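This one's a predicted model, so the numbers in the text were calculated from it and none came from an experiment. These values consider heavy atoms only, across backbone and side chains, with no hydrogens, waters or symmetry-generated copies. Proteins come first, then strands; the chains are lettered A, B, ... in the order of their sequence lines, and each starts at number 1.
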Amino acid sequence: MANKPSIPKGTRDFLPEQSLKRQFIFDTAKGVFQLYGYQPIETPAMENLDTLTGKYGEEGDKLIYKILNNGDFLEKANQDDLDAKASNKVATQISDRALRYDLTVPFARFVVQNQNELSFPFKRYQIQPVWRADRPQRGRYREFYQCDVDVIGSDSLLNEAELLCIVSDVFDALGLGDIQIRLNNRKILSGIAHATGLGDHFGEMTIAIDKSDKIGVDGVREEMIKRGLPAAGVKKALDHISRKADADTLLRMLSGSLTGELEGQKGIDEMRKTLKALPPHVRKKVSIDLTLARGLNYYTGAIIEVGHSKFPSSICGGGRYDDLTGIFGLKNMSGVGVSFGADRIYDLMEELSLFPTTLKAASDIIFINFGETESLECMQLAMELRAEGYSAEVYPDAAKMQKQMKYADARGFRFVILIGSEELKEERANVKDMSTGDQSSVLLSDLNKFIFDKLGSDD
RNA sequence: GUGGUUGUAGCUCAGUUGGUUAGAGCGCCUGAUUGUGGUUCAGGAGGUCGUGGGUUCGAGACCCAUCUUCCACCCCA
């Protein structure tokens, strides 16, 4: 009965130290988002199931966590489906709600629902957990935080450029300056598909192409042939995609070979304009990658993915979606956004020891408890120190000195203040600096000043 | 979802072809030091070997199931 407690697969507890580091990531991202004028919103952990289904492709839908209805839910299930053990059909009959799978689709729903309260273009950021019924692996969790920034209600490519700047700034601020931002455009991929006679197989083509960094061009070719794409088209498409050149010449070559492909040309133009709007220090982190496809099937224009050489999977990704709100009844609302994977960024930063060391020792002062009379006085003094902005606390029990000192050491307090009956009588305090071991006798009336001098001079 | 992998003390891990009482380091607790941490020394506590079945005279080791971990596929942050 009294089994060891546990948490579901792919979820984690966070200890104080980890929690502080995670908050450091959130705060850093938030700071940058706000500098660019984005506003925070929040949406519920659960959405109506039909809000989410059909937005992430067939594979994505399978990963949505469905919430079992309350009450006598089997009553409402179709008996034939139950008898046939048709899980998929029954699932929609016994579940009306689901945990959100990402922040983009709920955001689209949010925009449609609250359109009268918002001014467009609407720029928002959102930092909340999402859930996916994936098989957990390194850097892959069932509950994880996304930090999303999106702007909706503007076609301008300045938005793409701005988001790339934000990506660059956030990672710089986190100490992860050496990222690679890969950029592609769905319209270009679509143009290639049409120009090579693969127009009917666009989805399959992109899925195969997306794997090229793992299985190579030959692997992609095999994959495409295996999926039944015409060999001639496959060859032509791969010729396009495997071209290597700097951005300008690459786009010029593409443009030359996609003559007559309106959509493809539009994609090329978008890419040019986006790159042109980037400041040099951001521009140099961005490279065109025609093999970048991304499965999320709502993307229609730019696709962005951020990687780091020390991490196997992407740590940030996004793109433009022209008609996500259309599904919810609001037309002509183009949006573009990126999502930072906070948990992957955490893992990466931990591996590279990039967290500031100051995050650990957050506490300044602890008073040793010598008994009731002394501790009451200490409570008063701690209050005064807090008013000065120092974190201060009184050990709650009159435990053995050694135990209290060990606690102070483990928690990482900078100062331990000892006020026993002797000190109290003389209105003095023994202040021990734990970093040096030095101990000084200070008049109680000078205590605030003493701490100020110490912390001021050391910091 | 498919295939594989892992699980022994709080942590990191030993544990020979199944054989008596399952070990180490670190951490923790106590004392040396009844008002002083981080160092040192001495002692101590802590494990139904992930869980549930099975094979066997005998299982931490073998088999099955299940959960967990990590990996590949799939997909993605």
Side-chain angles (χ1 to χ4, degrees), chain A residues 1-12 15 25 29 56-64 87-88 101-104 127-148 167 206-208 210-211 214-215 219 223 292-297 299 303-308 311-319 337-348 366 368-371 374 395 398-424 430-439:
Chain A
M1 205 44 200
N3 284 332
K4 277 185 188 170
S6 63
I7 53 175
K9 184 198 283 210
T11 66
R12 296 145 307 150
L15 295 168
I25 295 175
Y56 307 108
E58 214 176 298
E59 291 300 315
D61 280 0
K62 288 185 197 160
L63 302 181
I64 295 173
S87 303
N88 282 336
Y101 174 91
D102 72 353
L103 300 179
T104 307
I127 300 176
Q128 289 191 281
V130 304
W131 294 269
R132 295 183 189 178
D134 220 340
R135 274 280 185 94
Q137 279 180 35
R138 171 174 151 65
R140 168 176 263 185
Y141 305 101
R142 286 185 161 179
E143 178 185 65
F144 60 95
Y145 270 74
Q146 291 193 324
C147 312
D148 270 37
V167 168
T206 54
I207 288 171
D210 200 31
K211 295 181 189 168
K214 274 190 184 168
I215 60 179
E223 170 104 18
L292 175 64
R294 294 182 63 82
L296 247 39
N297 58 3
Y299 291 126
I303 342 176
I304 300 160
E305 198 162 290
V306 181
H308 189 278
F311 205 76
S313 44
S314 68
I315 49 180
C316 177
V338 292
S339 177
F340 293 80
D343 301 78
R344 288 180 176 181
I345 292 169
Y346 176 97
D347 290 345
L348 178 57
I366 186 163
I368 297 292
N369 188 326
F370 285 95
E374 294 90 339
Y395 194 88
K400 275 189 182 172
M401 159 95 8
Q402 189 169 244
K403 185 173 163 68
Q404 298 193 46
M405 289 302 291
K406 276 195 173 181
Y407 177 80
D409 189 48
R411 282 278 308 276
F413 288 94
R414 173 68 193 280
F415 294 103
V416 173
I417 301 185
L418 303 94
I419 303 175
S421 52
E422 285 301 308
E423 288 90 345
L424 201 55
N430 270 316
V431 181
K432 178 159 184 165
D433 186 334
M434 295 294 273
S435 62
T436 60
D438 295 343
Q439 197 161 308

(request) Name the nucleic acid region contacted by A:G60, choosing base, sugar-phosphate or nothing; use a 4.0 angstrom heavy-atom cut-off, strictly under. (result) nothing
What are the atom names and distances for every N/O pair under 3.5 Å that joins the protein to nucleotides 29-32 of chain B?
from	atom 1	to	atom 2	distance (Å)
B:G31	OP1	A:K400	NZ	2.6

(request) Look at the side chain of A:D409 and the base of B:G37, then say whether one donor and one acceptor between them are separated by less than 3.5 Å. (result) yes
(message) Any donor-acceptor pair, under 3.5 Å, between the side chain of A:Q404 and the base of B:U36, if you only look at N and O atoms?
(response) no
Can you name the residues that form a ring-ring contact (aromatic ring centres under 6.0 Å, His included) with [X], not counting sequence neighbours?
| X | value |
| --- | --- |
| A:F311 | none |
| A:Y56 | A:Y101 |
| A:Y346 | A:F355 |

(request) Indicate yes or no for a side-chain donor-acceptor contact from A:N369 to the backbone of A:G371 under 3.5 Å, with no hydrogens or angles considered. (result) yes
Residue list, side-chain hydrogen bond (donor to acceptor under 3.5 Å, both in side chains) with [X], at least two apart or on another chain:
| X | result |
| --- | --- |
| A:Q404 | none |
| A:Y141 | A:D347 |
| A:S313 | A:R344 |
| A:T206 | none |

Could you state the [atom1]-[atom2] distance from [X] to [N], rounded to the nearest angstrom?
| X | N | atom1 | atom2 | value |
| --- | --- | --- | --- | --- |
| A:F413 | B:G38 | CZ | P | 16 Å |
| A:Y407 | B:G35 | OH | P | 21 Å |
| A:R142 | B:G1 | CZ | C1' | 11 Å |

(request) Check every atom of B:C76, B:C75, B:G35 against the side chain of A:F370 and return the nucleotide holding the closest atom. (result)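 Of the options given, the side chain of A:F370 lies nearest B:G35.
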(message) Under 5.5 Å centre to centre and under 30° between planes: does that hold for A:F144 and the six-membered base ring of B:A77?
(response) yes
(message) Looking at every non-hydrogen atom in both residues, tell me the closest pair between A:I368 and A:M401 and how far apart they are.
(response) CG2-CE, 3.7 Å
Could you pull out the protein-nucleic contacts involving nucleotides 2-5 of chain B (nitrogen or oxygen on both sides, under 3.5 Å)?
from	atom 1	to	atom 2	distance (Å)
B:U2	O4	A:R135	NH1	2.7
B:G3	O6	A:R135	NH1	2.8

Give me the distances for all protein-to-nucleotides 41-45 of chain B N/O pairs that come in under 3.5 Å?
none

(message) For a quick test of reading the model: is some side-chain N or O of A:Q137 closer than 4.0 Å to OP1 or OP2 of B:A72?
(response) yes
(request) State whether A:K432 places a side-chain N or O below 4.0 Å from either non-bridging phosphate oxygen (OP1 or OP2) of B:U36. (result) no
(request) For RNA chain B, just give me the dot-bracket, please: Watson-Crick or G-U, both distances below 3.5 Å, ( ) intra-strand, [ ] crossing earlier pairs, | paired with another strand, . unpaired. (result) ((((..(..((((.....[...)))).(((((.......))))).....(((((..]....))))))..))))....
(request) Please check if any side-chain donor atom of A:E423 sits under 3.5 Å from a side-chain acceptor atom of A:N430, or the reverse. (result) yes
(message) Could you work out, with salt bridge (Lys or Arg N to Asp or Glu O under 4.0 Å) as the rule, every residue matching A:E374, not counting sequence neighbours?
(response)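 Partners of A:E374 under the salt bridge (Lys or Arg N to Asp or Glu O under 4.0 Å) test: none.
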